[in-house]
Amino acid sequence: MRILILGGSQFLGRAIAAHACANGHDVTCAARGLAGPIAAGSRLIRIDRDVADGLAPLAGETFDAVVDVSRHPGQVRRAVAALKRPGMHWTFVSTISVYADNRIPGQRADTAPLREPMIEDVEHSADAIYGAAKVACEQAVGTDAFICRAGLIAGPEDPTGRFAYWPARLARGGEVLAPGAPDDAVQFIDVRDLAQWIVHAAEVGLTGIYDGIGPVRTRGEFLTECASALNSACTFTWVDRAFLEAHDVRRWAGPRSLPMWLPLPDFAGFLTRDTSPAREAGLTSRPVAATVRDTFDWLRAGNGPVIGLTRDDEKDVLAAWHAGMTS
Ligand SMILES: NC(=O)c1ccc[n+]([C@@H]2O[C@H](COP(=O)([O-])OP(=O)(O)OC[C@H]3O[C@@H](n4cnc5c(N)ncnc54)[C@H](OP(=O)(O)O)[C@@H]3O)[C@@H](O)[C@H]2O)c1
């Protein structure tokens, strides 16, 4: 197939291009060429989707399938108008941030209510705006597309440094500050599993709306599997939400965060999505150990980033926790 990836010079887009090339497809990536290199075997056409005629370099090209990773409704609308043709397979990579209710566990893509769409192109540093913009993007691609609402994406080449915090931290061993409780849920997807499924969707003509995320496991299982994949001796000290928040330990991602931690019950539905429809439609998930080892090998080869609580910050929070326990 001739596959166009609108994007392809970063994490997921590059993994999709790499997998499509490996499957023998003719792969074109269209981007400005700023984010990073494209996958070996694919070709780059430079475009700028921020300008009205920015897709002009694609004129005269024909494709059997398009994958778009944009988060700007205007970019998506222009791409659909310029490129979408009858019979062409169209994938839009969306996000589980489109959902209106993060509290109810076990929600499904076909029934969970969505945020109100935000149709303007605005900067979306806030998660609510990102989700609302993605709802508008989804609406722009039409009902005959494959809409893949990705959850947290993990693995080598992740520019967020979020998942990488855990392999990097557990490899050091010792006493590890663990957020919440061992029974809290964690859910993510290896970038290569997601890429493989997106290419599969184009190959078989899958359409419809799905969550693209792996199985739910407990945080205790996740951390234990991480440590064991790295042959690391760790002990886990579980610290509750109130204490973490009182010590300015932040949620989810970024500096001073314990990555992949979301406070409960507010986010009890965010990392517990029902992915049985996706699995029935061909999504598979490799073992946690493979994602952890490959991410760690990638870090060890001098890549990054790793973003979260620093070594000193973790030590300080643990010391304060133990002091509170003994006072
Ligand atoms: N990471 C996660 O955990 C997570 C979770 C849920 C959903 N998602 C979704 O998964 C997808 C991730 O995609 P990704 O990893 O490939 O990263 P991305 O950040 O979505 O990449 C954006 C791509 O678009 C290109 N681009 C940006 N501005 C452009 C412009 N003005 N004109 C042309 N191209 C432009 C970039 O290349 P250039 O800069 O080179 O132009 C890059 O290749 C996104 O849809 C995201 O919303 C991610």
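When a ligand or atom number is given, it counts from 1 through the structure's own listing order. Remember, it's a predicted structure, so these values are computed and weren't measured experimentally.
Any N or O atom pair closer than 3.5 Å counts here, and Ile153 shares at least one such pair with ligand 1. The shortest N or O to N or O distance between Val69 and ligand 1 is under 3.5 Å. Ligand 1 has a nitrogen or oxygen under 3.5 angstrom from a nitrogen or oxygen of Asp50. Of the N or O atoms in Gln10, one or more lie within a sub-3.5 Å distance of an N or O in ligand 1. When only interatomic distances are considered, the shortest N/O to N/O separation between Tyr130 and ligand 1 falls below 3.5 Å. For Gly36, no nitrogen or oxygen atom sits less than 3.5 Å from a nitrogen or oxygen atom of ligand 1, counting backbone and side chain alike.
Between Tyr210 and Phe146, the angle of the ring planes lies from 30° to 60°, which puts this pair in the tilted group. Using the six-membered ring where Trp is involved, His247 and Phe243 have ring planes that are parallel, under 30° apart on the 30 and 60° scheme.
With a 4.0 Å heavy-atom cut-off, ligand 1 is reached by the backbone of Ser94 but not by any atom from C-beta on. Contacts between Gln75 and ligand 1 below 4.0 angstrom, taking non-hydrogen atoms only, involve the side chain exclusively. With a 4.0 Å cut-off on non-hydrogen atoms, Arg162 touches ligand 1 through its side chain and not its backbone.
Asp50 and Arg78 are not joined by a salt bridge, as no carboxylate oxygen comes within less than 4.0 angstrom of a charged side-chain nitrogen. Taking a cutoff of 4.0 Å between a charged side-chain nitrogen and a carboxylate oxygen, Arg273 and Asp211 qualify as a salt bridge. The residues Asp110 and Arg108 are annotated as salt-bridged, a charged nitrogen and a carboxylate oxygen being separated by less than 4.0 angstrom.
Heavy atoms of Ala15 come nearer than 4.0 angstrom to ligand 1 in no pair at all.
Under the 4.5 Å side-chain criterion, counting only non-hydrogen atoms from C-beta, Ile38 is not in contact with Val27.
Rounding to the nearest 0.5 Å places CG of Asp193 at 11.0 Å from CD1 of Ile198.
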